[in-house]
Number of protein chains: 2
Amino acid sequence: MQTEGKSQSMKGIRQLAEYLDISIGTVSRALNGKPDVNEETRRRVLAAADELGYVANQSGRSLRQGETKVIGLMIESSKETVENADNFFLGVTSGLQSVFARHKLDLIMLPCPSDEDPHEYLKRMVARRIVDAMIISDTQRVDRRIDFLSRAKIPFVALGRSLSASNFPWIDLDFEGVADHAVERLIALGHRRIAITAPSSEANLGYLFIESYRRALERHDIPFDPSLVIRVKSSEQGGYQAAHELLLLEERPTAVILIYELMAIGLYRCLMESGVMPGRDLAVIGFRDAPRARFLQPSLSCFRMSLYDLGVELGRMLLANMPVYREFYPGDGRNIIWPLELMAGESDAFRVGVMA
Amino acid sequence: MQTEGKSQSMKGIRQLAEYLDISIGTVSRALNGKPDVNEETRRRVLAAADELGYVANQSGRSLRQGETKVIGLMIESSKETVENADNFFLGVTSGLQSVFARHKLDLIMLPCPSDEDPHEYLKRMVARRIVDAMIISDTQRVDRRIDFLSRAKIPFVALGRSLSASNFPWIDLDFEGVADHAVERLIALGHRRIAITAPSSEANLGYLFIESYRRALERHDIPFDPSLVIRVKSSEQGGYQAAHELLLLEERPTAVILIYELMAIGLYRCLMESGVMPGRDLAVIGFRDAPRARFLQPSLSCFRMSLYDLGVELGRMLLANMPVYREFYPGDGRNIIWPLELMAGESDAFRVGVMA
DNA sequence: ACGCACTCCGTAAACGTTTACGACTGTATG
DNA sequence: CATACAGTCGTAAACGTTTACGGAGTGCGT
């Protein structure tokens, strides 16, 4: 009624063609930048499309050419993720979009319900042909999603290694480097008993993290003590519990490496309740950038990264694995170990032996 | 090659029909639970579909029936959102999905790139027919998205009021109730000079919040002092700045109400740097549940809510506004003011005058 | 034998796009 | 003048579904 009189009659490309008195084939070619169309008519079509607010119906297009121009980022909306609240994915999203925008690809996030099996969810989404390609994360040690995507030949990239398929594109955080660097640093400060936290889940990262920690210790002739590997949840709550267990050890460690930065919040709290001062009585080093931990006191020494840059690299790697876009990203193969940078804080800024 | 020999031949409903030696029409009817199909054949079709791993191609289906069975949740991936990191949306998502699952609707999250106008982004997504309905949030005081969706007759529900359209379905947080409750509580504890923070943006919530604060004050014959309304960003950084400005006021307030709980982290820090102790020298009350703030010391008094329940209600309201599902949600009309619950902490647990 | 109702199923059109193909110009080339 | 070719455009098929319509078969009552 009170609309501009244009958009109301806008149903599809047919109306646009009638409006211009041109065949729909030409209109389609004009819009999609195909060569065999007069530049003058292309100009007219573009102008009319803009004026009438025409945008191609995705269903029709997808059906015809078998692709959706949509990339899916699968995330887990588990309770733990919500609790931890580090907006990790939103950070990565910006980087991804900056790459995808160049090819008019849209990114959607697919939150797997906590009561549904991630593998089933993924299969459902892929089968519905709602996306052309997938980005998955939180890869498990053996992850059926990876086998499925490989076999179904759906382009994808994983954030996190896995033992599942022998050969698939992934980017993973440099757990080895971090564990190594942290241990070296603490040993240089005089520490000998260094505790570390490990996830209780089947996530792959835990194994790599601990293994690297172990090797770094042995390189300095410090025997590996299994009791110093504390298995807790990677959350604030887990941090609290870690501190609790840590304080109960007969020979108390002088340092602890946290696999997830947020745990520091709970850890600090438990320590302080027991009169143990982080950064003086116990050295603490964190891992993976979580903005929540930035305001801790004493400030936390931790390893950080640019989520945006990580997103960019994920995007490039994905496109490099899609036939249509491969040519644009010749160098971007696969298997990047993503480096992290140490931001030195006050939480480990002391030499051991002074107060002990 | 090494696939099971089933899924490789699985292209569409046609293959399924050939496999069963049945027409595709019957297969479709069987799968969709239409009445005129023999129960025996239906059983066979279902079994075969399961065996061959057939799932209907969404593009074909959408094209035919003009709906996608997908609901979009639009979120902003602005830098500020990432920084604040409260996983607000993931929390809401679970509630939404629990409702949508009953109708086999899928939820996708649409992150608007920070460099794109939200209105344009929304238009693009809707025009592409990628979703049937929309959930929008972060509504502005005047929000073109609301006009657009109303006029285009796209079912939607907004998280947040707006002045744009006279009449549209929304749920909003009970800013008035919170401001009112907070002021009353502080006055009861003897406070007379109560500061409050307000967003610097055009978000609608700021106006409602301040207005309620003002009325509550005037009800107790306390004159409204504009200098006590501190306009800062709703972030940790903003909290820090708020404390800074607050300490510079000639007649220092004895209490402050924060419009966003996370600001408390920055606020605490700035206060402590100046030797002002929250919970003793200054009362602090927060708003809106942010898990990051839970571990503050002294513990923060704040207003909280169940994100899950909020999601459920949003979902119901949306479906109540969609012709197909309306009948299932007769009671769920519109315009809910979402209540919040005070969780009393230590940050305002003192009577004024004792130390002042 | 016939009509009727009912159950079940096949046929074909339709949804909005893209694109292979061919048709029609006009111009250059032999 | 015939042919070739480039430039431009229209035609129609195809993508995978759903669904209105009608037809075949069966059972039953007249």
Side-chain angles (χ1 to χ4, degrees), chain A residues 7 9-46 48-49 52-70 104 124 126-132 324, chain B residues 7 9-46 48-49 52-70 104 124 126-132 324:
Chain A
S7 49
S9 61
M10 212 36 249
K11 281 291 175 207
I13 200 174
R14 191 130 36 208
Q15 277 67 24
L16 187 55
E18 283 176 9
Y19 176 81
L20 288 162
D21 204 30
I22 285 182
S23 83
I24 63 173
T26 306
V27 173
S28 175
R29 280 190 297 267
L31 291 173
N32 295 24
K34 291 297 160 67
D36 51 352
V37 47
N38 189 317
E39 278 309 319
E40 166 60 15
T41 50
R42 188 195 302 281
R43 203 191 48 69
R44 281 180 57 221
V45 171
L46 255 24
L52 302 195
Y54 168 79
V55 179
N57 177 314
Q58 188 60 31
S59 302
R61 169 180 292 175
S62 308
L63 184 57
R64 168 62 215 237
Q65 42 189 32
E67 59 176 15
T68 64
K69 299 277 182 185
V70 175
K104 293 192 183 304
R124 201 155 55 82
V126 167
R128 284 183 66 178
R129 306 287 148 79
I130 216 175
V131 295
D132 291 340
V324 194
Chain B
S7 49
S9 62
M10 209 39 246
K11 281 291 177 208
I13 201 173
R14 192 131 33 205
Q15 277 68 23
L16 187 55
E18 283 176 10
Y19 176 82
L20 287 162
D21 204 29
I22 284 182
S23 82
I24 62 172
T26 305
V27 173
S28 175
R29 280 191 297 266
L31 290 173
N32 295 25
K34 291 297 158 71
D36 50 352
V37 47
N38 189 317
E39 278 309 318
E40 166 61 14
T41 48
R42 186 196 302 281
R43 202 192 47 69
R44 284 180 54 222
V45 171
L46 256 22
L52 302 194
Y54 170 79
V55 180
N57 178 312
Q58 188 60 31
S59 302
R61 171 180 291 176
S62 308
L63 184 57
R64 169 60 215 234
Q65 37 190 35
E67 59 176 15
T68 64
K69 298 274 183 188
V70 175
K104 293 192 183 305
R124 201 155 56 83
V126 166
R128 285 183 65 178
R129 306 287 147 79
I130 214 174
V131 295
D132 290 341
V324 193

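Model, not experiment: these values are computed from the prediction. Labels below follow one simple rule: chain letters A, B, ... track the order of the sequence lines, proteins then strands, and each chain is numbered from 1.
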Which of residues 61-70 of chain A have a heavy atom under 4.0 Å from DNA chain D?
-> A/L63, A/R64
Compute the bend angle of the helix from C/dA1-D/dT30 to C/dG30-D/dC1 from the end axes (five pairs per end), rounded to 10°.
-> 70°
DNA chain C: B/T26 or B/G60, which has the more 5' nearest nucleotide?
-> B/T26
Of the non-hydrogen atoms in A/A48 and A/L20, which two are nearest, and what is the gap between them?
-> CB-CD2, 3.8 Å
For A/T41, side chain to side chain donor-acceptor pair (under 3.5 Å) partners two or more places apart = none
Touch check for A/S28, heavy atoms < 4.0 angstrom, all strands: base, sugar-phosphate only, or nothing?
-> base
From CD1 of A/I22 across to P of D/dT8 the rounded distance in Å is 13 Å
Of all the heavy-atom pairs spanning A/A17 and A/I24, show the shortest one and how long it is.
-> CB-CG2, 3.5 Å
Partner set under side chain to side chain donor-acceptor pair (under 3.5 Å) for B/R14, not counting sequence neighbours = none
Contacts of B/D36 meeting side-chain contact (heavy atoms from CB on, under 4.5 Å) (sequence neighbours excluded), chain-then-number -> B/R29, B/K34
Excluding sequence neighbours, so at least two apart, what forms salt bridge (Lys or Arg N to Asp or Glu O under 4.0 Å) with B/E67?
-> B/K69
With sequence neighbours excluded, tell me which residues meet side-chain contact (heavy atoms from CB on, under 4.5 Å) with B/E39.
-> B/R42
Just the endpoints, please: which first and last nucleotides of DNA chain C, 5' to 3', lie under 4.0 Å from a heavy atom of chain A?
-> C/dG16 to C/dA20
Name all residues meeting the side-chain contact (heavy atoms from CB on, under 4.5 Å) criterion together with B/R64; count only those two or more places apart in sequence or in a different chain, and write none if there are none.
-> none
Closest approach of A/L31 and A/Y54, non-hydrogen atoms and distance?
-> CD1-CE2, 3.5 Å
Excluding sequence neighbours, so at least two apart, what forms side-chain contact (heavy atoms from CB on, under 4.5 Å) with B/T68?
-> B/Q58, B/S62, B/V70, B/D132
Does B/R44 reach the side chain of B/I22, with side-chain heavy atoms less than 4.5 Å apart?
-> yes
Go through residues 32-43 of chain B and report each residue with a non-hydrogen atom lying under 4.0 Å from DNA chain D, sorted by number.
-> B/N32, B/K34
Shortest non-hydrogen contact from A/A30 toward A/L46 = O-CD1, 4.3 Å
Among all residues two or more places apart in sequence or in another chain, which pass the salt bridge (Lys or Arg N to Asp or Glu O under 4.0 Å) test with B/R128?
-> A/D106
